[in-house]
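The chains referred to below are lettered A, B, ... by the order of the sequence lines, with proteins before strands, and numbering in each begins at 1.
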2 protein chains.
Amino acid sequence: MEVDFRIRMNEKLYLRDPELSVLGKKIVKQGLELIIKLGFEDFTFKKLAIQIDTTEASIYRYFENKHRLLTYLMAWHWSYLEQKMVFYTNNIKEPELRLRKILELLAAPATEKSGSDFITERLTYDLVMSEGAKAYMTKHVNLDNRDRLFKPYKDLCGRFAAAILEYNPKYKFAHSLASTLLETAHSQKYFMHHLPSLTDFGMEKDDKKLLRFLEALLFDSIKPAIKK
Amino acid sequence: MEVDFRIRMNEKLYLRDPELSVLGKKIVKQGLELIIKLGFEDFTFKKLAIQIDTTEASIYRYFENKHRLLTYLMAWHWSYLEQKMVFYTNNIKEPELRLRKILELLAAPATEKSGSDFITERLTYDLVMSEGAKAYMTKHVNLDNRDRLFKPYKDLCGRFAAAILEYNPKYKFAHSLASTLLETAHSQKYFMHHLPSLTDFGMEKDDKKLLRFLEALLFDSIKPAIKK
DNA sequence: CTAAAATGATAGTATTGCTATTATTAATAA
DNA sequence: TTATTAATAATAGCAATACTATCATTTTAG
């Protein structure tokens, strides 16, 4: 099933909307690829400019700096994921199945060609795993937050939390559990690839075990107290 | 109760052992403070050199670059925490109490003057919360890992996992759960301060709620299947 | 077709992230 | 104690980064 969502991005994320020009799209698309390839630290606008045959100055007309580009990409990812979550769960009435679907989306390596013409979900997923935290781990989090740059992440978390509360309205830590599972999905996957002894997943290519872990974490936490 | 541990650091972490000279200790101690003050991105050896009235070149004789200094500080923190964990739990026979103690140490804001003469635990705790992930989120994780720079973190995680298995030898994800709780302790605290809507803790100064959350997460996960 | 907007070309500047050299001071061993 | 070694300071320098500014040229939209 192939669906294309229209993602509405916060205007504070950019100086000039990259979706509205060929150059803008190239900056975002190839920027994403280059950040993944070089790592965020070694990535520069200069290198990107050379790769897409433009100038540093032109890129600076779209994004204040590389951190804003990263934040843009993360915001896009979270927005996309939220839309996907809505789309794939809103006809599921059973709270448990809904939650299972959500976890699948979180742990999923994302289908081949999903996303949009200029951003592919597969890549933002990799990015969020390997660089995601750097979007908010800065001295200027609070300012960025005031500009609502992290709203997509919070919305996603909020929706997840709401689904948790539908399953068990008495659970006391819905938001913390939701953000923990979001973070855990990425950190465990990262560990699995780079620091496997921090996990129990071995080096298996599929994410089934990770999904089992997330499910256990979630349902053991929110199952009503009296069982079996 | 005041205890001082001798932390043995991996030699790959530095070029010249900072513990063996006044200058070295100043670099580490004030480096820690300055990274927290400026944030890792804005922190430079130049700025540190000015602050401790030495030269950039002198600092480079101790640490290859600022990332190594960060990794050193993190390694110190994890080693210290592991020792503390051993010290405070090895006379506890009851697995559950042992785990509760471990969680306390993870969630704790750390006592006033603990640590050593040149590093204070309180500060490394702040650092691990706000910059910790940057130690391993790099393109060179695998190389750093080969040099065993993250061994202290893995050891801590391993010890935690062992305590989990003592409580419930059948639990299948001891390492993942341990690393998840470690990461969660920090990320939730960070969110609490900067992105509170990702949590359920409000802005309360004490960490009791966070501790309750971690306890719930842990024990709900590892409690034997049949209850009540 | 014209005006406005976007891009390209080029330059420049302060800071970062180093390395190298030599002089000076401190620690240590004979 | 002196001679030797080691650590630090002082200084310089360099390529890369992270921008900003200017002006010419092209593209686009009315």
| request: Assign a letter to each nucleotide of nucleotides 25-30 of chain D from its 5' end: B, base within under 4.0 Å of a protein heavy atom; S, sugar-phosphate only; -, no contact. | output: ------
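With sequence neighbours excluded, the residues that form a side chain to side chain contact (heavy atoms under 4.5 Å, CB included) with B:Lys151 are B:Arg148, B:Asp155. Qualifying side chain to side chain contact (heavy atoms under 4.5 Å, CB included) partners for B:Asn142, counting only residues two or more places apart in sequence or in other chains: A:His194.
Between the CG atom of A:Asp17 and the P atom of C:dT7 there is a distance of 12 Å, rounded to whole Å. The distance from atom NZ of B:Lys46 to atom C1' of D:dG13 is 13 Å, rounded to the nearest whole Å. As a whole-Å value, the separation of A:Arg68 CZ from D:dC19 P is 12 Å. Whole-Å rounding puts the A:Tyr62 OH to C:dT7 C1' distance at 8 Å. For the pair B:Ile27 CD1 and D:dA7 C1', the interatomic distance rounds to 11 Å; values are reported in whole Å. Put simply, CD1 on B:Ile59 is 14 Å from P on C:dT19, counting in whole angstrom units. D:dA16 atom C1' lies 14 Å from atom CG of A:Leu38, rounded to whole Å. Put simply, CG on B:Leu20 is 16 Å from C1' on C:dA26, counting in whole angstrom units.
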List every contact pair, protein side and nucleotides 8-10 of chain C side both N or O, where the distance is under 3.5 Å.
from	atom 1	to	atom 2	distance (Å)
C:dG8	OP2	A:Thr54	OG1	2.4
C:dG8	OP2	A:Ser58	OG	3.3
C:dG8	O6	A:Arg61	NH2	2.9

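Judged by the 6.0 Å and 45° rule, B:Lys209 forms no cation-pi pair with B:Phe201.
Taking 4.0 Å as the cut-off between side-chain N and carboxylate O, A:Arg159 and A:Glu82 count as a salt-bridged pair.
Note on A:Lys66: only backbone sugar-phosphate atoms sit closer than 4.0 angstrom, heavy atoms only; bases stay farther off. Using a 4.0 Å heavy-atom criterion, one finds that B:Phe63 contacts no nucleic acid atom at all.
Pairs of residues two or more places apart, or lying in two chains, that qualify as salt bridge (Lys or Arg N to Asp or Glu O under 4.0 Å) and include a residue from residues 127-143 of chain B are B:Glu41-B:Lys134, B:Glu131-B:Lys134. For residues 65-79 of chain B, the set of pairs meeting the salt bridge (Lys or Arg N to Asp or Glu O under 4.0 Å) definition, not counting sequence neighbours, comprises B:Glu64-B:Arg68, B:Arg68-B:Asp144.
Closest to the side chain of A:Arg16, out of D:dT17, C:dG17, C:dT7, is C:dT7.
When the side-chain nitrogen and oxygen atoms of B:Ser21 are compared with OP1 and OP2 of D:dA7, none of them lie within a distance under 4.0 Å. For the pair B:Lys47 and C:dT15, the criterion of a side-chain N or O lying under 4.0 Å from OP1 or OP2 is not met. Regarding contacts with the backbone of C:dT15, every side-chain N or O of B:Thr44 stays at 4.0 angstrom or more from both OP1 and OP2.
Under 3.5 Å, the side chains of A:Gln188 and B:Ser176 contain a donor-acceptor pair of N or O atoms.
The six-membered or imidazole ring of A:Trp76 lies near that of A:Tyr80, with a centre-to-centre distance under 6.0 Å.
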| Working for ring-ring contact (aromatic ring centres under 6.0 Å, His included), residues B:Tyr62 and B:Tyr14 | CA-CA 6 Å; B:Tyr62 283 87; B:Tyr14 49 76; 8.8 Å; no
